[in-house]
Each structure stands twice: as C-alpha cells, then as structure tokens.
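Beneath this line is the structure, given in structure tokens, with notes to follow.
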Protein chains: 2
Amino acid sequence: MTVSDALLPAALRHRTSFVLARLAALSRMHCAERLATLGLNQHQHAILCCLDEFGPAIQRDVAARLDLDSGDLVSFLDRLQTAELIRRDRDPRDRRRQILTITQAGQRLLNQAETLLDEAEPELFAGLAAAEVEQLRALAAGVLTRHTAQAWRHQGAPA
Amino acid sequence: MTVSDALLPAALRHRTSFVLARLAALSRMHCAERLATLGLNQHQHAILCCLDEFGPAIQRDVAARLDLDSGDLVSFLDRLQTAELIRRDRDPRDRRRQILTITQAGQRLLNQAETLLDEAEPELFAGLAAAEVEQLRALAAGVLTRHTAQAWRHQGAPA
DNA sequence: CCTATTCATTGGCGATGCCAGCGATTGGTA
DNA sequence: TACCAATCGCTGGCATCGCCAATGAATAGG
C-alpha cells in the first residue's frame with residue numbers, strides 16, 4: 001500500500017480506463033517536453049516518422065495514416081517546412097497534391113528525436129522492468145489494432 | 001501482420017508512449033460517451049467517487065486528491081450541485097471552506113455510472129482476456145504510483 | 001463542356017489544462 | 001486588540017487541441 005493508493009479512490013484505481021488516462025497524460029507531458037527542445041510536437045514527430053519510413057507522400061495519405069485532421073496537418077507542415085525539415089512540392093501530374101519529402105536536416109532531427117525518446121522512456125517507466133514495458137506496449141497495441149481494424153471494416157480502407 | 005500494422009510507421013508502433021497515447025484517446029472517447037448519457041464528464045465522475053468513498057470533504061482536498069485545478073473544480077461542482085448530486089455547505093468552524101457531500105441521488109447516479117463503465121470496458125478491451133486487461137491496468141498503475149510517490153517527495157503531502 | 005469530386009487551406013467552435021488575481025475568512029503576532 | 005500573512009473558494013483569461021464547415025484550385029467523369 002503506497003501513498004498514492006491512499007490518495008485516489010479505489011473505484012478509480014481499479015478502473016483501467018482511468019489509470020490509462022492518467023498514465024497517458026504523464027507520458028504525454030514527459031515526451032512533449034523532450035520533443036519541444038527540438039522544436040517538435042508529437043504530431044510533427046509522427047509526420048517525420050511517416051515520411052522517413054514510407055518515403056514521400058501526399059498530405060492526404062499522411063493524414064490518413066496518422067489519423068490527423070487534414071486542416072491541422074497543414075499548420076504542422078508549415079512549421080516543418082519553414083524549418084526546412086521537409087519539402088512540399090506540387091505533384092506535376094495532379095497539381096492539387098503536395099508531395100511531402102523529408103530533408104536530410106529532417107532526418108538528422110528525427111534521429112535526434114528518436115534518441116531523446118529512447119532515453120526518455122526508461123525514465124518514464126522507471127520501476128518497470130524492460131520486459132514489463134514491452135508487455136505494457138504489446139497489450140495496448142493489441143487493443144489498438146483491434147479497433148483500427150474495426151474502423152477499417154466500417155469505413156473502408158484509405159489508400 | 002494486421003492491417004493497422006501496415007498503416008502506422010514501425011517507429012511509432014514500437015514506441016510505448018505513442019501507443020499509450022492512442023489507446024488513452026480511444027478509451028477516453030469511449031468512456032466519455034457513456035458518462036455523457038448521465039450528464040457527467042470524467043472529472044465529475046471522479047469527484048463523485050471521491051465523495052462516495054471518503055465521505056464529505058472540502059474542495060481543497062478533493063482537488064488535491066484528483067490533481068484538479070481548484071478553479072476548474074468549481075465549475076464541475078456547480079453543475080453537480082444544480083443537478084442535486086452533491087450538497088455544498090459552509091463549514092461553520094471555518095467559513096472559508098465548503099463541505100461537499102454526495103446526495104442519495106448522487107450515489108444512485110454514481111452507481112449507474114459505475115455500471116455503465118463496467119459494461120464499457122469489456123467492449124473497449126475486446127480482444128484482450130480479462131486477465132490481460134488486469135495486467136495492463138496493473139502495469140500502468142505501477143508506473144503511476146511510482147511517479148505520484150516522487151511528486152510527494154518533492155512538494156510534500158496534501159492533507 | 002458541364003458537373004461532381006478531390007485536395008489543400010483557412011477559419012471557427014468547444015473542451016481542456018493551466019495560471020493570475022480577487023474577496024472573504026482565518027491564524028499568528030506584536 | 002490591531003495588524004499582517006496565509007488560506008479557501010471563485011472568476012476570468014490564455015494557450016492548446018481536436019473537430020468540423022466552407023472555400024478555391026484542380027481534376028475526373030459523363
């Protein structure tokens with residue numbers, strides 16, 4: 001029985017959704033702080049990941065992948081572009097589209113971000129063994145894939 | 001390899017903080033919907049839990065317990081009070097304080113809320129066995145208690 | 001051609017979390 | 001007793017975030 005056990009009502013401590021919300025808020029703060037030192041927010045980091053891993057893509061596809069509002073994506077991209085972390089080129093074959101490409105500077109910053117986050121997680125999950133963290137991640141990911149698969153069935157697959 | 005595995009970059013799928021944030025957002029939506037049918041938000045539910053489990057308390061202590069901004073607490077309580085789910089009585093021995101008490105109607109609604117959430121979790125965590133959900137909760141709670149204990153050491157214990 | 005659709009962009013709305021300041025009240029101290 | 005500091009609840013403001021509607025440019029289909 002730790003101190004915080006006495007603080008929170010048992011009805012909340014035993015509710016998975018509540019505990020998850022709390023932990024996510026903690027995790028969010030923790031990671032957002034680190035990324036902020038590089039001038040990135042979480043979505044911008046995710047965008048760089050996308051472009052780095054899947055190569056150049058148009059905004060619509062990035063938004064679909066990350067489940068971002070296309071309007072919000074624009075402002076994130078604006079900052080990434082002015083920081084020269086990405087390029088935004090009109091598709092000559094469909095001039096409505098903007099082809100997003102991560103720059104070398106973007107890749108370098110992404111590497112720094114990944115390093116920062118790699119260092120942040122052990123600190124965030126202090127008290128849990130590495131295997132337990134992986135277990136936590138796997139369980140959470142299991143729930144997620146289940147739901148994203150459902151969303152797929154309901155509204156059809158993005159490109 | 002499920003469909004969503006192909007959607008998200010591996011760099012994000014393997015990052016615990018990212019997966020947790022996603023799951024928490026999903027969980028939040030899921031639970032907030034249910035509670036909204038009772039006219040409650042998550043904080044109001046938590047407040048009712050507090051008053052039900054620990055008995056009458058002043059606003060300062062409830063805010064400390066739930067880590068809520070005292071200003072925000074006021075507006076939550078206003079709605080709870082007009083709905084007659086709680087009573088707000090001035091402490092005769094310290095007229096600055098308001099003593100919060102859950103009413104019988106509040107307890108009835110809290111029971112309904114708990115039932116709703118009990119039903120919501122299996123649906124939210126479909127695909128995970130009950131034991132796995134508990135494992136997920138326990139792991140998350142472990143990280144949380146660790147951090148709340150740290151916060152205690154740094155800024156002293158609330159009453 | 002003319003119409004419908006797609007894509008990026010802009011703007012606004014509501015909810016949330018956080019912080020500063022204000023009155024009322026109390027406690028401590030000279 | 002008189003004064004000063006601290007506490008408690010309350011108000012208001014600000015920044016962020018996710019979500020949605022509307023617009024303009026460009027394309028696709030009949």
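Small disclaimer: the values here were computed from a predicted structure and weren't measured. Quick note on labels: first sequence line is chain A, next is B, and so on, each numbered from 1.
Spacing between atom CZ of B/Arg79 and atom P of C/dA15 amounts to 8 Å, rounded to whole angstrom units. Atom CG of B/Asp67 is separated from atom P of C/dG17 by 10 Å (rounded to the nearest Å). Residue B/Leu68 contributes atom CG, which lies 12 Å from atom P of C/dT16 at whole-angstrom precision. Put simply, CZ on B/Arg95 is 20 Å from P on D/dT7, counting in whole angstrom units. Atom-to-atom, CZ of B/Arg90 to C1' of C/dA24 comes out at 8 Å; the value is rounded to the nearest Å. One atom, CD1 of A/Ile58, and another, C1' of C/dT6, lie 9 Å apart when rounded to the nearest Å. Rounded to whole Å, the distance from CD on A/Gln81 to P on C/dA8 is 13 Å. Rounded to whole Å, atom P of D/dC19 lies 13 Å from atom CG of A/Leu66.
Remark: the backbone N or O of A/Asn111 is not paired with any side-chain donor or acceptor of A/Glu114 at under 3.5 angstrom. The main-chain N or O of A/Gln98 is never found under 3.5 Å from a side-chain atom of A/Arg88 such that the two would form a donor-acceptor pair. Although no hydrogens or angles enter the test, the distance criterion places a donor-acceptor pair under 3.5 Å between the side chain of A/Arg90 and the main chain of A/Arg96. One N or O on the side chain of A/His147 and one on the backbone of B/Leu124 form a donor-acceptor pair closer than 3.5 Å.
The side chain of B/Arg96 approaches D/dC8 more closely than any other nucleotide in the set D/dC8, D/dA25, D/dC10. If you check D/dC8, C/dA8, D/dC20 against the side chain of B/Arg97, the one that comes closest is D/dC8. The side chain of A/Val74 approaches C/dT9 more closely than any other nucleotide in the set D/dT11, C/dT16, C/dT9.
Positionally, the nearest nucleotide of DNA chain D for B/Asp78 lies more toward the 5' end than for the other of B/Asp78 and A/Gly71. Of the two residues near DNA chain D, A/Ser70 and A/Asp94, the one whose nearest nucleotide lies more 5' is A/Ser70. Annotation: of the two residues near DNA chain C, A/Met29 and A/Asp69, the 5′-most nearest-nucleotide partner is A/Asp69.
Using a 4.0 Å cut-off, some side-chain N or O of A/His43 falls inside it from OP1 or OP2 of D/dG18. Taking only side-chain nitrogens and oxygens, B/Gln59 comes nearer than 4.0 Å to OP1 or OP2 of D/dC10. For the pair A/Gln42 and D/dC17, the criterion of a side-chain N or O lying under 4.0 Å from OP1 or OP2 is not met. Under 4.0 angstrom from either OP1 or OP2 of D/dC10 there lies at least one side-chain N or O belonging to B/Arg88.
With hydrophobic clusters built from ILVMFWY side chains whose heavy atoms lie under 4.5 angstrom apart, B/Leu85 does not share a cluster with B/Ile99.
B/Asp72 contributes a side-chain N or O that forms a donor-acceptor pair with the base of C/dC18 under 3.5 Å.
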